[in-house]
Amino acid sequence: MKIAIGSDHAGFDLKEIIKNHLQEKDIDIIDVGTHTKESVDYPVFGEKVAETVQKREADFGIVICGTGIGISISANKVKGIRAALCTNEYMARMARRHNDANVLALGARVLGTDLALSIVDTFLSTEFEGGRHERRVHLIEKIEELKL
Ligand code: RB5
């Protein structure tokens, strides 16, 4: 499995922790930055992760900012991206099962480290259920087509 990960300055520390956690599980990482704690703009990194997933250079993306809100909004502007902001394992599980989310968004300033890692593990280990949920995901894709 290959994961694209990116954050702004507020998410930098958590990004590094998640990176190490996933590398320990032999998961390949594409780190699009940021690479320091210097203030940067979250849309840049949301877009980079989303484009990496869109091009299928990674199986899933993880985006992190202070709340997870700005970077999830940014990632969701990229066609084919379904970024889900999750604050607990249940949301992470359902984002995969029902929404086939391909990007996980996290808020570094609202989550403890252990909870964040548990959300990541849940997201990456849960399969899309398909069936009626597939029809709904196709309807989301249809909205993208109409708005082009
Ligand atoms: C940066 O201060 C903060 O605004 C950003 O990380 C994020 O929370 C935006 O949604």
Side-chain angles (χ1 to χ4, degrees), residues 1-25 27-126 128 133 136-148:
M1 184 184 283
K2 196 176 266 189
I3 303 297
I5 192 165
S7 75
D8 70 355
H9 53 287
F12 173 74
D13 285 339
L14 182 58
K15 172 168 73 64
E16 296 305 298
I17 290 167
I18 292 173
K19 233 168 75 178
N20 291 337
H21 176 73
L22 295 178
Q23 280 166 340
E24 275 170 16
K25 294 171 182 270
I27 292 176
D28 290 334
I29 302 291
I30 300 172
D31 183 352
V32 304
T34 184
H35 300 293
T36 71
K37 285 169 124 172
E38 196 182 316
S39 182
V40 288
D41 298 325
Y42 58 79
V44 174
F45 302 94
E47 184 182 15
K48 281 186 183 179
V49 168
E51 284 181 349
T52 306
V53 173
Q54 186 197 48
K55 289 185 208 150
R56 300 187 189 281
E57 290 167 7
D59 301 295
F60 294 104
I62 299 176
V63 292
I64 311 157
C65 65
T67 58
I69 296 171
I71 204 159
S72 62
I73 293 172
S74 308
N76 273 317
K77 298 294 178 191
V78 175
K79 192 177 173 194
I81 295 306
R82 291 178 298 280
L85 173 57
C86 298
T87 55
N88 57 51
E89 293 95 334
Y90 177 76
M91 291 175 79
R93 191 172 305 115
M94 300 316 280
R96 288 289 308 126
R97 271 195 199 166
H98 285 192
N99 311 116
D100 199 17
N102 48 15
V103 172
L104 170 66
L106 299 171
R109 290 176 177 160
V110 294
L111 296 172
T113 303
D114 286 356
L115 177 57
L117 293 179
S118 181
I119 291 170
V120 168
D121 288 344
T122 302
F123 185 87
L124 296 181
S125 63
T126 305
F128 179 46
H133 303 295
R136 292 162 185 165
V137 169
H138 285 318
L139 287 170
I140 296 174
E141 289 166 349
K142 225 168 132 190
I143 296 169
E144 284 178 331
E145 298 302 329
L146 292 172
K147 301 295 175 197
L148 275 180

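One-based numbering, in listed order, for ligands and for the atoms of each. Since we're looking at a predicted model, the values are computed, not measured. Only heavy atoms go into these numbers, but all of them, side chains included; no hydrogens, no water, no symmetry mates.
For ligand 1, the polar-atom distance check finds an N/O of Thr67 within less than 3.5 Å of one of the ligand's N/O atoms. Residue Ile69 places no N or O, backbone or side chain, under 3.5 Å from any N or O of ligand 1.
Residue Gly66 approaches ligand 1 through these ligand atoms, each under 4.0 Å from one of its heavy atoms: 5 (C), 6 (O), 7 (C), 8 (O). Interface of Asp8 with ligand 1, defined as ligand atoms under 4.0 Å from a residue heavy atom, comprises 1 (C), 5 (C), 6 (O). Atoms of ligand 1 lying under 4.0 Å from at least one heavy atom of Ala10, given by number and element, are 6 (O).
Looking only at side-chain heavy atoms (C-beta outward), Thr113 and Asp13 stay at 4.5 Å or farther from each other.
When all heavy atoms are compared, the tightest approach of Thr87 to Ile119 is C-CD1, 3.5 Å. Across every non-hydrogen atom of Thr34 and Lys15, the tightest pair is O-NZ, 3.0 Å. Heavy atoms only, all atoms of each residue included: Ala108 and Gly11 are closest at CB-CA, 3.9 Å.
Among all protein heavy atoms, the one lying closest to atom 9 (C) of ligand 1 is Tyr42 CE2, 3.5 Å. Of the protein's non-hydrogen atoms, the one nearest atom 2 (O) of ligand 1 is Arg109 NH1, 3.4 Å. Closest to atom 10 (O) of ligand 1, if we only count protein heavy atoms, is Gly70 N, 2.9 Å.
Using cut-offs of 30° and 60° on the angle between ring planes, the pair His98 and His133 is parallel.
The side-chain hydrogen bond (donor to acceptor under 3.5 Å, both in side chains) with Lys79 is formed by just one residue from the set Glu145, Glu144, Gln54; it is Glu145. Of the candidates Tyr42, Phe12, Phe45, Phe12 is the only one forming a side-chain contact (heavy atoms from CB on, under 4.5 Å) with Ser7.
For atom 6 (O) of ligand 1, the nearest protein heavy atom lies closer than 4.0 Å.
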